[in-house]
Engineer: 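This is the structure I want to talk about, given as structure tokens.
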2 protein chains.
Amino acid sequence: MPETPHRTHRLPGSRYGNRPTMKDVAARAGVGLKTVSRVVNGEPGVTPETERRVQESIEALGFRRNDSARVLRKGRTASVGLVLEDLSDPFYGPLSRAVEEVARAHGALLINGSSAEDAEREQELVLALCARRVDGLVVIPAGDDHRYLEPELRAGVATVFVDRPAGRIDADVVVSDNYGGARDGVAHLIAHGHRRIGFIGDMPGIHTASERLRGYRAAMEDAGIPVEDSWMSLGVTDPERVRRATEEMLSRPDPVTAVFTGNNRVTVTVIRVLSERSRPVALVGFDDIELADLLRPGLTVVAQDSAALGRTAAERLFRQLDGTLLAPERIELPTKLITRGSGELPPAD
Amino acid sequence: MPETPHRTHRLPGSRYGNRPTMKDVAARAGVGLKTVSRVVNGEPGVTPETERRVQESIEALGFRRNDSARVLRKGRTASVGLVLEDLSDPFYGPLSRAVEEVARAHGALLINGSSAEDAEREQELVLALCARRVDGLVVIPAGDDHRYLEPELRAGVATVFVDRPAGRIDADVVVSDNYGGARDGVAHLIAHGHRRIGFIGDMPGIHTASERLRGYRAAMEDAGIPVEDSWMSLGVTDPERVRRATEEMLSRPDPVTAVFTGNNRVTVTVIRVLSERSRPVALVGFDDIELADLLRPGLTVVAQDSAALGRTAAERLFRQLDGTLLAPERIELPTKLITRGSGELPPAD
DNA sequence: CCTGAGCCTGACAACGTTGTCCAGGCTCTA
DNA sequence: TAGAGCCTGGACAACGTTGTCAGGCTCAGG
């Protein structure tokens, strides 16, 4: 006799391994099916005595309502989907958690998936979520064409895009002020005397990257500094290439005296490179990083509040679901320059 | 006339906002319902010409299969649930992502929820996932009594606990070698000449915390060092109290010369406190931290591989689902001591 | 004692899909 | 040319739940 009887009950052919249904509960309690439904859903119109018998039956059989069937009848799943790039990126953890908390407040569960920055995978994920009939979608787009979502919008699936706008459809977006943040960050470096300032960021095809690049250019132009091509390195995020790009900028005859980095992954690598060099180079990074205050010098950043992005998006989502029909809107959240030292280093010419 | 016609279609009473069903597709294509089902599922027995007509119909109507109905018939949801403490903790991001990747390789989606270290909320989440009939559950327990899961185990819901063992039921567990890791970390400090070593960790009620405490005690005992109560601070994780506890240990007449911290949140705060002091104090932390190598001195840690925890657990989960009935097992993953400087500081007496 | 109101209760259909099964039409062979 | 066999397509039931509705009971008022 096995010590763990529960394992032995899993018959190959049985769906759900023979889970009890309301019918079973009803039979055991000697009541009708609908009465069980009423008890389970806390509907009125059941004698205390009957309710007790049903409850006892539920306990004894370990009954759990099958929400798939429920959804099929009711049409609402009380779940929302979140598609982001990579859950293990510290930028997305708080965002995801924020969406979850708002969902929870509305009694909904969160299903999430990582697109790995791949448009096809994004679409695959989104459609899988739609097949499960999530009530709403929060999407951090990887692709740039979201017309595949048109049937869902038509069907009333609430949808909010975050961090980057949707492509070729009209939908709600919540983004950070990437342009303004980058401009402020670069202006900060300029204010501390720098003129030759490097920019290392992602491919300009990515909305956030191009906005930040635009901010960089704007700040330089405002200061009347012509930008040299060799100061910019675009489409470079993997550590090896960021390292090379950084070293190149620093080894030129006229080296940059400061660097502005376009996202946290780039920033981390650049910090590593700079820490190996003796000559101090100023650095301002987009995105905050844990422990940034403990580095020497502390890291000056343009911080965006990823939790606020998630929260704002989710709240918007549920307002769509609440039935207040809103025209698609673009919401921009401010960024914040946090000075900790690295951005205040003077140029070492 | 609204510019966004899709919004206006959301009639209040219509379920799913009038999504087309297979029946609609069939009618439009002039075929039978089952034929549509065959096309959607790629089943054989449909003429290319018929298939084309059906596909065209699907496109035109924007049909998406309703997985709720499908699940109801088939009994498998192709989704697994993950309940953890807090997605925004950098320890859980990679773990969650690892579970997702394994799930994806098995064609399953991941639904996750944060228990916020609250037993009641954990149960609530787990049961919600069960009501949605997830095929499997990966749980990082908050509570210490999981008998409420007995009906699910009986029903064949694959279940694996991670990071901490299940309470009062017999189930698979994947944990790090918390005891051995802590012992190694503390032994490392002892090897560098320390004798008065502080320990700051979570409540011993939490399994990982008590194991790490046990490792600390074992290392001290191995070295023949009697531990003084004032060297240990238990159940303290919020920054303010960690700060106080650290300062207390360091201000005693016979201050500790090294500190071993029981998790990454504690570690971060202790680094802050130590960085404000002139006298160097050695530090080894449990859990690795991003940028730990860039601190001065670099942070020596006992690292656990949270992605490996997640991957191992998920693989085990799917082996349960593959039908190979396995006796519940406890899997322990090794930790790794990474020396970067802070743990090699000599005692400053 | 009868009637009607009000309360519990359960029978039944429906949600959208898939599995089973059978019918009709075709091809191929004897 | 007839029969066998295959291929395609569709009718129907079932999955577990909830909404609708009607039946039966109790009780008060006439």
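Throughout, a chain's letter reflects where its sequence line sits, starting with A, and its residues are numbered from 1.
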Engineer: Using only heavy-atom distances, decide whether a donor-acceptor pair under 3.5 angstrom links the side-chain of A:R19 to the base of D:dG16.
Structural biologist: no
Engineer: Could a donor-acceptor pair under 3.5 angstrom be found where the side chain of A:K23 meets the base of D:dG16?
Structural biologist: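 Such a pair does not exist between side chain and base.
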Engineer: For D:dG10 and B:T35 - does any side-chain N or O of the residue sit under 4.0 Å from the phosphate oxygens OP1/OP2?
Structural biologist: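 Yes, because at least one side-chain N or O of B:T35 sits under 4.0 Å from OP1 or OP2 of D:dG10.
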Engineer: Output the rounded distance in Å from CG (A:L33) to C1' (D:dA14).
Structural biologist: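 It is 15 Å, rounded to the nearest whole Å.
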Engineer: Within a radius of less than 6.0 Å around CG of B:D144, do more than 12 heavy atoms belonging to other residues, nucleotides or ligands occur?
Structural biologist: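 Atom CG in B:D144 is not packed in, count stays at 12 or less.
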Engineer: Have a look at B:V40 and say if it touches a base, only the backbone sugar-phosphate, or nothing, with a 4.0 Å heavy-atom cut-off.
Structural biologist: nothing
Engineer: Is B:K74 close enough to C:dG19 that one of its side-chain N or O atoms is under 4.0 Å from OP1 or OP2 there?
Structural biologist: yes
Engineer: If you compare every side-chain N and O of B:S37 against the phosphate oxygens of C:dT18 (OP1, OP2), does one of them come in below 4.0 Å?
Structural biologist: yes
Engineer: For A:T50 and B:P20, find the nucleotide of DNA chain C closest to each by heavy atoms; which residue's nucleotide sits nearer the 5' end?
Structural biologist: A:T50
Engineer: Assign B:D67 to base, sugar-phosphate, or nothing according to its heavy-atom contacts below 4.0 angstrom with the strands shown.
Structural biologist: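 Nothing, no nucleic acid heavy atom in range.
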Engineer: Can you say whether a donor on the side chain of A:R73 sits under 3.5 Å from an acceptor on the base of D:dT18, or the other way round?
Structural biologist: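 Such a pair is found, so the answer is yes.
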Engineer: Base, sugar-phosphate, or nothing: which does B:R65 touch, judged by heavy atoms less than 4.0 Å apart?
Structural biologist: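 Result for B:R65 = sugar-phosphate.
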Engineer: A side-chain contact here means heavy atoms from C-beta on lying under 4.5 Å apart; do A:V102 and A:H106 qualify?
Structural biologist: yes
Engineer: Side-chain N or O of A:N41 less than 4.0 angstrom from OP1 or OP2 on D:dT18?
Structural biologist: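 Affirmative; the distance criterion is met.
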